[in-house]
S.K.: 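Take this structure, written in structure tokens, and hold onto it; I'll ask about it next.
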Amino acid sequence: MAIPRTPSRRRWTRWALVASLGLNLAAIGLIGGALLNGPPPPDPGPGPALWPFARSLPDPYRHDLGKALRATRPDWIGPREAMDNLSREMAAALRAEPFDAGSVRALLVAQLDVANRLGLQGTDLLMAQIARMSPEDRGAYATALMDRRGRHGPPGPPPGAPPGPPDD
């Protein structure tokens with residue numbers, strides 16, 4: 001025997017279905033938006049050549065370097081976009097027929113110029129931390145740098161330290 005439907009029960013069910021549909025669409029929109037946008041951009045780093053120096057900093061200075069990098073994120077956007085554009089131009093120049101070695105060389109020089117500017121920005125931030133150090137901290141930093149040089153394999157965090165960019 002079927003349960004008789006009353007107008008109030010039908011109204012309540014209709015609103016529940018509408019609310020459920022709305023929540024489902026919102027969830028799909030959030031998930032779809034996250035997938036389309038991809039992961040957030042990584043924190044700018046001081047550059048590959050400076051990683052061993054940044055990773056060897058004593059903890060409070062490494063932490064402050066991470067904060068400084070995040071605080072100056074807008075300063076890194078333009079050069080990083082320029083590097084992305086130069087990379088696309090390089091791919092097009094390498095595929096071009098006839099091949100023009102001069103334009104490829106000019107793009108390599110332009111990429112090196114942008115990389116140098118990024119490296120100088122990182123150097124300035126790193127130097128700000130080194131300048132704050134006491135003589136004892138600088139001595140410990142020098143020891144950490146020399147210990148890192150003695151390791152075999154690619155540069156990386158010291159044993160027991162988490163990998164990745166400077167701590168926040």
Side-chain angles (χ1 to χ4, degrees), residues 23-133 138 141-168:
L23 289 173
N24 286 332
L25 289 174
I28 289 171
L30 287 172
I31 293 169
L35 290 175
L36 289 175
N37 286 334
D43 279 345
L50 296 177
W51 274 124
F53 297 99
R55 288 184 176 148
S56 295
L57 282 171
D59 284 331
Y61 303 102
R62 190 172 56 239
H63 173 79
D64 290 346
L65 176 62
K67 284 173 40 178
L69 286 168
R70 283 185 294 283
T72 60
R73 176 178 272 150
D75 298 339
W76 300 82
I77 292 172
R80 290 172 86 96
E81 288 175 350
M83 190 64 87
D84 288 344
N85 291 336
L86 287 167
S87 295
R88 282 191 283 281
E89 291 177 32
M90 175 64 77
L94 290 170
R95 290 184 180 112
E97 287 297 330
F99 176 71
D100 181 2
S103 67
V104 170
R105 185 178 195 298
L107 287 167
L108 286 171
V109 169
Q111 284 183 337
L112 183 59
D113 180 53
V114 173
N116 283 336
R117 282 186 282 148
L118 285 169
L120 287 173
Q121 284 179 283
T123 299
D124 290 343
L125 294 174
L126 181 63
M127 277 307 305
Q129 298 307 314
I130 294 171
R132 294 178 42 227
M133 289 182 185
R138 283 195 312 275
Y141 181 50
T143 300
L145 285 171
M146 294 311 294
D147 288 348
R148 183 176 299 280
R149 283 181 55 100
R151 293 188 13 215
H152 298 286
D167 297 335
D168 37 271

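For clarity, every value in this text was computed on a predicted model and none was experimentally measured.
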S.K.: Could you measure the distance from the CZ atom of R105 to the OG atom of S103? Nearest 0.5 Å is fine.
M.R.: 12.0 Å
S.K.: Out of curiosity, Q129 CD to D124 CG, how far, rounded to the nearest 0.5 Å?
M.R.: 12.0 Å
S.K.: Once you round to the nearest 0.5 Å, how far does CE of M83 lie from CD of Q111?
M.R.: 5.5 Å
S.K.: Which atoms form the tightest heavy-atom contact between L145 and P52, and what is the distance?
M.R.: CD2-O, 3.8 Å
S.K.: Are T123 and F53 close enough that some pair of their side-chain heavy atoms sits under 4.5 Å apart?
M.R.: no
S.K.: Closest heavy-atom contact between L57 and M133?
M.R.: CD2-CE, 3.2 Å
S.K.: P74 and A71: which non-hydrogen atoms are nearest, and at how many Å?
M.R.: CD-O, 3.9 Å
S.K.: Which pair of heavy atoms, one from G122 and one from W76, lies closest together, and at what distance?
M.R.: N-CH2, 3.6 Å
S.K.: Could you tell me the separation between the CG atom of L126 and the CG atom of L69, rounded to the nearest 0.5 Å?
M.R.: 9.5 Å
S.K.: Roughly how far apart are D75 CG and L118 CG, rounded to 0.5 Å?
M.R.: 10.5 Å
S.K.: Counting only heavy atoms not in R132, do more than 12 sit closer than 6.0 Å to its CZ atom?
M.R.: yes
S.K.: Check this for me, if you would: do R80 and D84 make a salt bridge, where the nitrogen-to-carboxylate-oxygen distance has to be below 4.0 angstrom?
M.R.: no
S.K.: Nearest heavy-atom pair of V104 and A93: which atoms, and what distance?
M.R.: CG2-CB, 3.9 Å
S.K.: For residues Q121 and T72, determine if any side-chain heavy atom of one lies less than 4.5 Å from a side-chain heavy atom of the other.
M.R.: no
S.K.: Looking only at non-hydrogen atoms, find the nearest pair between A54 and L65 and report the distance.
M.R.: CB-CD2, 3.7 Å
S.K.: To the nearest 0.5 Å, tell me how far M146 CE sits from T143 OG1.
M.R.: 9.0 Å
